[in-house]
Q: 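The structure under discussion is supplied below as structure tokens; questions concerning it will follow.
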Amino acid sequence: MTELTLRGVHKRFGTVDAVKAVDLNVTDGEFVVLVGPSGCGKSTLLRMIAGLEEISGGDIMLDGRSLNAVAPRDRDMAMVFQDYALYPHMTVSENLGFSLKMRDLPADQIYDKVRDVAQMLELEPYLHRKPRALSGGQRQRVALGRALIRDPKVFLFDEPLSNLDAKLRVGMRMEIRKLQAALGTTSIYVTHDQTEAMTMADRIVVLRLGEVQQIGSPNEIYQRPVNSFVATFIGSPPMSLIPATISSDGGGAVLDFGEGHRLPLRAGRVETTRRAGINRVDVGLRSEHISLAGDAADAGTFVSDVVMVEDHGADSMAVVRLGGREVMARVRPGSVRVGETSRRFTVDLNAIHLFHPETGMRLV
Ligand SMILES: Nc1ncnc2c1ncn2[C@@H]1O[C@H](COP(=O)(O)OP(=O)(O)OP(=O)(O)O)[C@@H](O)[C@H]1O
Ligand SMILES: [Mg+2]
């Protein structure tokens, strides 16, 4: 059983707090993804776990034992880097076996393990080549193999797929996930790509400016983002955020977006905004919750021109205007055309997110 615990882990570079008091508990066999924009502290946090970067404060524990004073090579973790970090003068076979050789394993055992890992990663045909004679994908496999062969307690990945083209990346992320699941090795994976985070993670840690924003399963983070940053960072296309005023409209409360666009707001939600003492909110809408409506002026619909249409094959994204702001609607291909005027769209009123207009925190 492996349990990795971070308590108040902090990193300061001069006057910059690159990582601010991170608490995280990674359980046995879990695949945790650290995601966030460039410079948010992902690599720094991972490097502190690996022991490659000193921590400025806090504790990192593996199975109840503090790692703070443990050298990187004694942490029983293997790291895979974006730039592969292969030894250029060694063959694939020598690269794979290097860490075992350093541990003075007998040559025949090294040979067996290299062969097993090469088989697992389909690297057998390349064992005698040097890294420069491999494609990017093959190099990344060797880098992966070097981590696998050590059979560590924890895998640490720092954007391992960033140098690969889009198609290869999708294939490799599946493969990494399958291997990891088969081996059951606890893993922490860094990426700035939210799709990678969504598709690979058991749990996602969203970071911004060195601070944890939210920790949760991909589903939790997608369905209930804690603030407008997470809401717009996770999801493709990003969630649209539109400012609105809460006003009453005879029958009940409405979200008034301006330009004559209004959507009903349910009583429970009105109560939440009242408790927060605000009458303005940022309304979050995902594209799948805006769709084409019939012609009837039902509650929950609005009329807009079609600004742009992006075809994705199975469905299309239409850019339309709600209260003067552009939002994405998911529609059937061919159902709307660019430049069309006065089409009616419907909003799934149960799926509306509301955020505080100043703090960005989720209200409902
Ligand atoms: N050795 C260093 N000295 C000073 N500042 C550093 C050092 N390493 C990183 N930083 C700063 O710490 C912050 C976090 O950097 P880090 O490399 O962890 O970001 P990241 O999330 O991995 O970004 P990216 O997605 O671009 O790889 C940045 O502001 C960076 O400039
Ligand atoms: Mg980085």
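Any value given below was found using the heavy atoms of this structure, including those in side chains, with hydrogens, waters and symmetry copies removed. When a ligand or atom number is given, it counts from 1 through the structure's own listing order. A quick note: this is a predicted structure, and the numbers were derived from the prediction, not measured.
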Q: Say whether, by atom type as modelled, one donor and one acceptor occur between the side chain of Thr359 and the main chain of His356 under 3.5 angstrom.
A: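 No; judged by distance alone, with no hydrogens or angles, the pair does not exist.
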Q: How close does the nearest protein non-hydrogen atom get to atom 1 (N) of ligand 1, and which residue and atom is it?
A: Phe13 CE2, 3.5 Å
Q: For the residue pair Tyr189 and Phe31, does the interplanar ring angle fall in the parallel (under 30°), tilted (30 to 60°) or perpendicular (over 60°) class?
A: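 Because their plane-to-plane angle lies in the 30° to 60° range, the rings of Tyr189 and Phe31 count as tilted.
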Q: Which atoms of ligand 1 are found less than 4.0 Å from any heavy atom of Ser43?
A: 17 (O), 18 (O), 20 (P), 22 (O), 27 (O)
Q: Crowded around Met102 CE? As in, over 12 foreign heavy atoms under 6.0 Å?
A: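 More than 12 within 6.0 Å, yes.
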Q: Backbone N or O of Met90 within a donor-acceptor pair of the Asn95 side chain at under 3.5 Å?
A: yes
Q: Using a strict 4.0 Å cut-off to heavy atoms of Cys40, name the atoms of ligand 1 that fall inside it.
A: 19 (O), 21 (O)
Q: Hey, does the side chain of Gln140 reach the backbone of Pro160 with a donor-acceptor pair shorter than 3.5 angstrom?
A: yes
Q: For ligand 1, which atoms have a heavy atom of Glu159 less than 4.0 angstrom away?
A: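 With Glu159 as reference, the close atoms of ligand 1 come out as 25 (O).
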Q: Could you point out which residue of Asp63, Asp28, Thr185, Asp76 forms a side chain to side chain donor-acceptor pair (under 3.5 Å) with Lys153?
A: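 Testing each of Asp63, Asp28, Thr185, Asp76 against Lys153, the sole residue satisfying side chain to side chain donor-acceptor pair (under 3.5 Å) is Asp63.
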Q: Does Val16 offer a backbone N or O that forms a donor-acceptor pair with the side chain of Arg12 under 3.5 Å?
A: no
Q: With the threshold set at under 4.0 angstrom, would you say Arg47 reaches ligand 1 through any of its heavy atoms?
A: no
Q: Determine how many protein N/O/S atoms sit closer than 2.8 Å to the Mg ion (ligand 2), leaving waters out since they are not shown.
A: 1
Q: Could you check whether atom 31 (O) of ligand 1 has a protein contact, counting only heavy atoms that fall below 4.0 angstrom?
A: no
Q: Hey, what's the ring geometry for Phe157 with Phe155, parallel, tilted or perpendicular (30° and 60° as the breaks)?
A: tilted
Q: What protein heavy atom is closest to atom 29 (O) of ligand 1, reported as residue, atom name and distance in Å?
A: Gly39 O, 3.9 Å
Q: Atoms of ligand 1 less than 4.0 Å from Ala18 heavy atoms?
A: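 In order of numbering, the contacting atoms are 12 (O), 13 (C).
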Q: Has the side chain of Asn279 got a donor or acceptor atom that lies under 3.5 Å from a matching backbone atom of Ile246?
A: no
Q: Measuring from the heavy atoms of Gly41, does anything fall under 4.0 Å of ligand 1?
A: yes
Q: Examine Thr44 against ligand 1 and note whether any of their N/O atoms are separated by less than 3.5 Å.
A: yes
Q: Considering heavy atoms of the protein only, find what lies nearest to atom 26 (O) of ligand 1 and give residue, atom and distance to 0.1 Å.
A: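 Residue, atom and distance for the closest contact: Ser38 OG, 2.5 Å.
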Q: Can you report which non-hydrogen protein atom sits closest to atom 25 (O) of ligand 1, along with the distance?
A: Lys42 NZ, 2.8 Å
Q: Linking Ile, Leu, Val, Met, Phe, Trp and Tyr by side-chain heavy atoms under 4.5 Å, what else ends up with Met317?
A: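 Answer for Met317: Val307, Met308, Val319, Met328.
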Q: How close do Ile60 and Met48 get, counting heavy atoms only, and between which atoms?
A: CD1-O, 3.5 Å
Q: Donor-acceptor pair, Arg169 side chain versus Leu164 backbone, under 3.5 Å?
A: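 Present.
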